[in-house]
Novice: 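Submitted below is the structure of interest, expressed as structure tokens.
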Amino acid sequence: LLQESGFGEAQSICLDDALVALIDQIRRRLALIEVALTARGVELAPLGVDRDRLEGLRGLAVAALDVVRNGGARYRLFHATKQ
């Protein structure tokens, strides 16, 4: 497809590990938010967040991590030069 559009040889770089690291970072931040809010006794509802929502976000992050690790999603960078 790239060659048909006038681009030269394309390089593809797999960045799956970067995607896994990003999702893992999100999981850690969600855990820190929950700990900080719980430890300080802060109400979550005025912030638009409740325990169910945090639990849902945490579950979504775990599911996304499983999908990437099992090859169901890929993260790639393509580089090509215009000829």
Side-chain angles (χ1 to χ4, degrees):
L1 179 66
L2 288 172
Q3 289 176 342
E4 292 172 8
S5 300
F7 287 91
E9 186 174 323
Q11 296 175 335
S12 172
I13 302 168
C14 179
L15 298 173
D16 290 352
D17 291 339
L19 184 57
V20 167
L22 175 64
I23 296 168
D24 197 42
Q25 182 182 30
I26 292 167
R27 288 178 56 220
R28 286 192 310 269
R29 287 183 180 180
L30 288 170
L32 286 173
I33 289 168
E34 187 172 19
V35 167
L37 293 175
T38 301
R40 294 187 179 143
V42 175
E43 284 289 324
L44 299 173
L47 302 174
V49 178
D50 58 21
R51 294 211 181 274
D52 290 339
R53 180 168 288 179
L54 276 176
E55 184 65 33
L57 292 171
R58 192 170 34 252
L60 182 61
V62 169
L65 198 54
D66 288 343
V67 168
V68 173
R69 285 185 173 155
N70 292 324
R74 302 257 187 234
Y75 185 45
R76 301 190 79 76
L77 172 69
F78 293 93
H79 177 266
T81 54
K82 188 81 168 170
Q83 291 184 336

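Residue numbers run from 1 in the order of the sequence given. Since we're looking at a predicted model, the values are computed, not measured.
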Novice: Nearest 0.5 Å, please: how far is CD in Q25 from CG in L30?
Specialist: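 Interatomic distance, L30 CG to Q25 CD, rounded to 0.5 Å: 11.0 Å.
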Novice: Just to verify, what does A73 make a side-chain contact (heavy atoms from CB on, under 4.5 Å) with, not counting sequence neighbours?
Specialist: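 With sequence neighbours excluded, A73 shows a side-chain contact (heavy atoms from CB on, under 4.5 Å) to V67, V68, given in chain and number order.
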Novice: Got a second to check how far R53's CZ is from L60's CG, nearest 0.5 Å?
Specialist: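 Taking CZ in R53 and CG in L60, the distance rounds to 12.5 Å.
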Novice: Can you give me the closest heavy-atom contact between S5 and K82, atom names plus distance?
Specialist: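 Here S5 and K82 meet closest at O-NZ, 3.1 Å.
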Novice: Quick one: list whatever passes salt bridge (Lys or Arg N to Asp or Glu O under 4.0 Å) with R69, sequence neighbours left out.
Specialist: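 Applying salt bridge (Lys or Arg N to Asp or Glu O under 4.0 Å) to R69 gives none.
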Novice: Please report the interatomic distance CG(D66) to CD1(I23), rounded to the nearest 0.5 Å.
Specialist: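 D66 atom CG to I23 atom CD1 measures 9.5 Å (nearest 0.5 Å).
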Novice: Do V35 and I33 share a hydrophobic cluster (ILVMFWY, side-chain heavy atoms under 4.5 Å, transitive)?
Specialist: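 Looking at the clustering, I33 is in a separate group from V35.
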Novice: Return the CG to CZ distance between L15 and R74, rounded to the nearest 0.5 Å.
Specialist: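 Rounded to the nearest 0.5 Å, the CG-CZ separation comes to 12.0 Å.
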Novice: With rounding to the nearest 0.5 Å, note down the distance linking CG in L65 to CG in L19.
Specialist: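 Reported value, rounded in 0.5 Å steps: 8.5 Å.
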Novice: About how many Å separate CG of L57 and CG of D52, when rounded to the nearest 0.5 Å?
Specialist: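 The CG atom of L57 is 11.0 Å from CG of D52, to the nearest 0.5 Å.
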Novice: Is there a chain of hydrophobic side chains (I, L, V, M, F, W, Y, each step under 4.5 Å between heavy atoms) that links Y75 to I13?
Specialist: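 Cluster IDs for Y75 and I13 match.
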